[in-house]
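Residue numbers begin at 1 in each chain, while the letters A, B, ... track the order of the sequences.
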Amino acid sequence: MPTNKILEILKDFGIEELRPPQKKALEKGLLDKNKNFLISIPTASGKTLIGEMALINHLLDENKNPTNKKGIFIVPLKALASEKYEEFKNKYERYGLRVALSIGDYDEDEDLSRYHLIITTAEKLDSLWRHKIDWIDDVSVVVVDEIHLINDESRGGTLEILLTKLKKFNIQIIGLSATIGNPEELANWLNAELIVDDWRPVELKKGIYKNGIIEFINGENREIKAINNNDIYNLVVDCVKDGGCCIVFCNTKRGAVNEAKKLNLKKFLTNEEKRKLKEVAEEILSILEPPTEMCKTLAECILNGSAFHHAGLTYQHRKIVEDAFRNKLIKVICCTPTLSVGLNLPCRRAIVKDLTRYTNRGMRYIPIMEIQQCIGRAGRLGLDPYGEGIIVAKNDRDYLRSYQVLTQKPEPIYSKLSNQAVLRTQLLGLIATIEIRDEYDLEWFIRNTFYAYQYGNLREVAKNINEVIRFLEEKEFMIDFIPTELGKRVAELYIDPLSAKYMIDGLNEMENEDDIYYLYLISKTLEMMPNLRVYKSEELNLIDEMENLGIKSFEIEDLEAFKTAKMLYDWISEVPEDEILKKYKIEPGILRYKVENAVWLMHALKEMAKIIGKNSEIPEKLEIRLEYGAKEDIIELLNVKYIGRVRARKLYNAGIRNVEDIINNPSKVASIIGEKITKKILEDLGIKFGQQKLIF
DNA sequence: AATCCCTTGTTCTAGACAGCATGTC
DNA sequence: CTAGAACAAGGGATT
């Protein structure tokens with residue numbers, strides 16, 4: 001497809017002129033379908049559009065009709081996938097392209113072969129691959145957003161293996177990356193043309209704030225009027241009173257909340273804004289019934305024109321905060337790294353409060369790349385004359401580091417394939433899908449990884465790999481590179497083989513069938529880490545309870561797993577959410593996250609039980625109970641569409657205990673949960689019953 | 001004896017991907 | 001390498 005055809009399509013969405021990096025990519029042969037690309041340019045400078053041009057080039061023909069080739073767009077977050085899905089659907093369905101979203105908890109359609117453009121995550125694509133996708137040969141282009149995530153300790157290895165697999169096919173790969181230290185290396189490995197550029201649509205002024213003055217890297221200085229002795233407050237007010245808005249990046253959730261509390265901007269709000277903010281605050285309080293402490297704090301901040309944003313918020317909370325910020329109602333968001341990746345949420349002034357962060361190896365500097373991505377948030381196209389990225393330096397050491405961060409190039413990225421958990425999961429995946437059938441395949445595959453490309457010497461990784469291979473063989477996931485039934489199933493379930501082994505051992509050694517024991521088994525897996533912290537005062541009680549269940553090991557990790565199991569038990573016992581949160585000292589978002597993981601792992605445990613011939617009924621029940629957070633007696637009601645834990649409990653207490661009761665007492669049901677919903681439920685059931693009759 | 005102030009000790013720390021089933025005239 | 005806030009506990013002085 002010639003370039004001008006692409007430009008014509010872009011005009012359909014109002015894009016008249018390309019930006020410099022986009023032009024550069026075209027000049028270097030982006031539309032040559034056999035040429036891979038690595039695009040390393042700043043946030044918000046039009047990376048995605050480069051990927052889109054490549055997609056259009058493959059998916060549409062001269063007459064703007066589908067070519068029936070496939071394109072895949074890989075993003076790092078589910079939230080981002082949903083956002084892109086909506087965007088692409090709006091843009092490309094008019095040409096007859098069928099767009100699908102395929103992420104963990106949501107599938108557009110089981111049969112993705114009918115779609116042209118698939119939006120997904122690396123893990124999901126990997127998982128699809130394990131379930132044997134038959135359409136991979138139709139794929140002719142893959143765009144990988146935030147490809148530098150290959151550097152991520154826990155998830156990078158998966159992306160790397162996926163890319164290594166994709167490279168074997170005749171597929172054009174377009175990697176989109178933030179600015180990184182060693183783009184050449186990554187590009188060479190990908191056999192890709194490299195585009196590096198620092199062009200930005202809005203100028204970014206980088207500066208360090210110290211002693212009441214912002215010193216910009218370009219030499220300018222700006223004195224900040226001190227209203228009080230809170231540096232962040234003064235910086236925020238300085239921006240907000242000119243009609244701007246800010247994002248403050250913090251290194252802890254508590255820090256983000258505390259900063260947000262201190263930023264009272266009432267003085268700068270119009271009455272109209274105050275009224276609307278009140279509505280937003282009420283919306284926040286309506287998410288959870290009753291509202292938790294966190295909800296109340298957030299609502300109070302919002303009345304002041306500020307907000308916090310971190311993993312403790314539920315998705316609904318986050319969405320409300322993000323939207324209110326986009327609508328310029330909320331003037332400042334104090335956040336953890338939740339906002340440093342992905343999401344399009346620009347501001348006029350991005351403030352970095354902390355340069356270090358606590359890790360499992362103690363306090364460490366936050367990578368230059370991450371901070372550059374944070375400050376890259378500054379500058380709203382068409383709204384701000386320029387963006388300001390400011391680091392707050394508390395002392396001389398901070399000042400030096402800030403200067404480094406703002407002027408030096410980011411760290412190089414490194415393969416994280418040495419991560420044992422990733423290696424176990426990935427090698428089993430490759431063996432289960434018969435992509436690796438013997439030692440030669442294995443060696444050949446490893447040689448093609450980024451790891452091998454970077455380190456050359458394979459001796460170190462060979463040791464790791466042999467260990468994993470031995471483990472897989474010993475635990476009967478495979479015999480002589482032939483996957484066993486167990487191995488295949490574990491690969492499909494997408495759990496760490498080590499977790500599968502824990503589960504199987506646990507099921508075999510089980511002395512009783514208490515619900516809590518099953519919850520304990522899944523809490524012991526790596527996938528559930530980190531577990532809840534156990535305080536000294538709790539230890540003896542926990543050990544006591546564990547002994548009664550026949551658990552014999554009382555390492556601190558075991559106690560933590562058991563405490564987590566107890567929390568999950570409370571969840572499925574319908575203990576009110578706010579009570580659970582208080583008791584275990586966590587926030588709503590974290591509870592949801594834990595529960596989501598637990599549902600997945602309980603499903604895996606059920607499958608493990610089936611495979612080794614153990615009772616799978618209890619895990620099956622627990623899976624449903626975890627999903628809804630409910631007791632056993634209302635499971636049947638929960639299986640009915642439109643009935644969740646609250647409606648089910650109401651109905652149950654009123655004597656409606658199963659599907660039959662619903663059908664026989666529609667008016668009673670309607671009086672409890674409303675007529676509209678009852679009608680919907682009956683409609684749904686009617687169809688189901690029709691099908692059942694056919695079977696009889 | 002109750003209260004207050006200051007010092008010392010202790011605790012705690014970011015984020016977020018993955019599974020589904022169901023046989024068959 | 002590259003921490004610092006928040007809170008609890010304890011000691012001593014003051015009222």
| field | Bounds of contact between DNA chain C and chain A, in 5' to 3' order, using a heavy-atom cut-off under 4.0 Å | value | C:dC1 to C:dA6
| query | Applying the side-chain contact (heavy atoms from CB on, under 4.5 Å) test to A:R625, which of A:V599, A:I634, A:I635 qualifies? | reply | A:I635
| message | Between A:K606 and A:N597, which residue's closest nucleotide on DNA chain B lies nearer the 5′ terminus? | response | A:N597
| task | Have a look at A:R254 and say if it touches a base, only the backbone sugar-phosphate, or nothing, with a 4.0 Å heavy-atom cut-off. | result | base
| message | Just checking A:E617: does its CD atom have more than 12 heavy atoms from other residues, nucleotides or ligands closer to it than 6.0 angstrom? | response | no
| What nucleic acid atoms does A:I495 come within less than 4.0 Å of, heavy atoms only: base, sugar-phosphate, or nothing? | nothing
| note | Per nearest nucleotide of DNA chain C, the residue lying toward the 5' end, A:R357 or A:N258, is A:R357
| remark: Judged by nearest nucleotide, the residue sitting upstream toward the 5' end of DNA chain B, A:Y535 or A:E492, is A:Y535
| query | With sugar-phosphate meaning primed atoms plus P, OP1 and OP2, does A:R130 contact a base, only sugar-phosphate, or nothing at under 4.0 Å between heavy atoms? | reply | nothing
| message | For residues 602-612 of chain A, which residue pairs pass the salt bridge (charged side-chain N to carboxylate O under 4.0 Å, His left out) check, not counting sequence neighbours? | response | A:R489-A:E607, A:K606-A:E623, A:E607-A:K610
| request: Kindly state whether the ring of A:H310 and the ring of A:F308 have centres lying under 6.0 angstrom apart. | output: yes
| query | Quick check: does any side chain N or O of A:E411 sit under 3.5 Å from a backbone N or O of A:G181, one acting as donor and the other as acceptor? | reply | no
| request: Could you measure between the two P atoms, the one in B:dA14 and the one in C:dA5, and give it in whole Å? | output: 15 Å
| request: Please figure out whether A:K262 or A:R397 has its closest DNA chain C nucleotide nearer the 5' end. | output: A:R397
| Quick check: are there more than 12 heavy atoms from other residues, nucleotides or ligands sitting under 6.0 Å from NZ of A:K621? | no
| query | Which part of the nucleic acid, if any, lies within contact of A:N360, taking any heavy atom under 4.0 Å across all strands shown: a base, the sugar-phosphate backbone alone, or nothing? | reply | nothing
| message | Looking at A:L339, is its backbone amide N or carbonyl O close enough to the side chain of A:R377 to form a donor-acceptor pair, meaning the two atoms are under 3.5 Å apart? | response | yes
| query | Can you tell me which stems DNA chain B forms when a stem means 3 or more consecutive Watson-Crick or G-U pairs under 3.5 Å? | reply | B:1-13 with C:3-15
| task | Any chance you could lay out the side-chain contact (heavy atoms from CB on, under 4.5 Å) test for A:T121 and A:L77, step after step, and finish with the verdict? | result | CA-CA 7 Å; A:T121 59; A:L77 301 174; over 6 Å; no
| request: Would you mind classifying the nucleic acid contact of A:A311 as base, sugar-phosphate or nothing, using non-hydrogen atoms under 4.0 angstrom? | output: sugar-phosphate
| query | Do A:R645's NZ or CZ and the ring of A:W571 fall within the cation-pi criteria of under 6.0 Å and 45°? | reply | yes
| task | Just call it for A:V341: base, sugar-phosphate, or nothing, with non-hydrogen atoms closer than 4.0 Å on any strand. | result | nothing
| Along DNA chain B, first and last positions that approach a heavy atom of chain A under 4.0 Å | B:dC12 to B:dA21
| request: Cation-pi check, A:K394 to A:Y209: give yes when NZ or CZ is under 6.0 Å from the six-membered ring centre and within 45° of the ring axis, no otherwise. | output: no
| message | What contact category does A:I103 fall into here, base, sugar-phosphate, or nothing, at under 4.0 angstrom with non-hydrogen atoms? | response | sugar-phosphate
| request: Would you check if there is a donor-acceptor pair between the side chains of A:T338 and A:H309 at a distance under 3.5 Å? | output: yes
| Looking at DNA chain B, which of residues 618-628 of chain A put a heavy atom within less than 4.0 Å of it? | A:E623
| note | Ordered by number, residues from residues 526-533 of chain A within less than 4.0 Å of DNA chain B (heavy atoms) are A:R533
| query | Have A:E527 and A:S499 got a donor and an acceptor in their side chains that come within less than 3.5 Å? | reply | yes
| field | NZ or CZ of A:R364 within 45° of A:Y358 ring axis and under 6.0 Å | value | no
| task | Answer yes when A:R357 and A:E370 have at least one side-chain N-carboxylate O distance shorter than 4.0 Å, and no when they do not. | result | yes
| Between A:V236 and A:C246, which heavy-atom pair has the shortest distance, and what is it? | CA-SG, 4.0 Å
| said: I'd like to know if A:K319 pairs up with A:E322 as an ion pair, taking the criterion as any Lys NZ or Arg NE/NH1/NH2 lying under 4.0 Å from an Asp or Glu carboxylate oxygen. | reply: no
| said: What contact category does A:D354 fall into here, base, sugar-phosphate, or nothing, at under 4.0 angstrom with non-hydrogen atoms? | reply: nothing
| Under 3.5 Å, is there a donor-acceptor pair linking the side chains of A:Q426 and A:D126? | yes
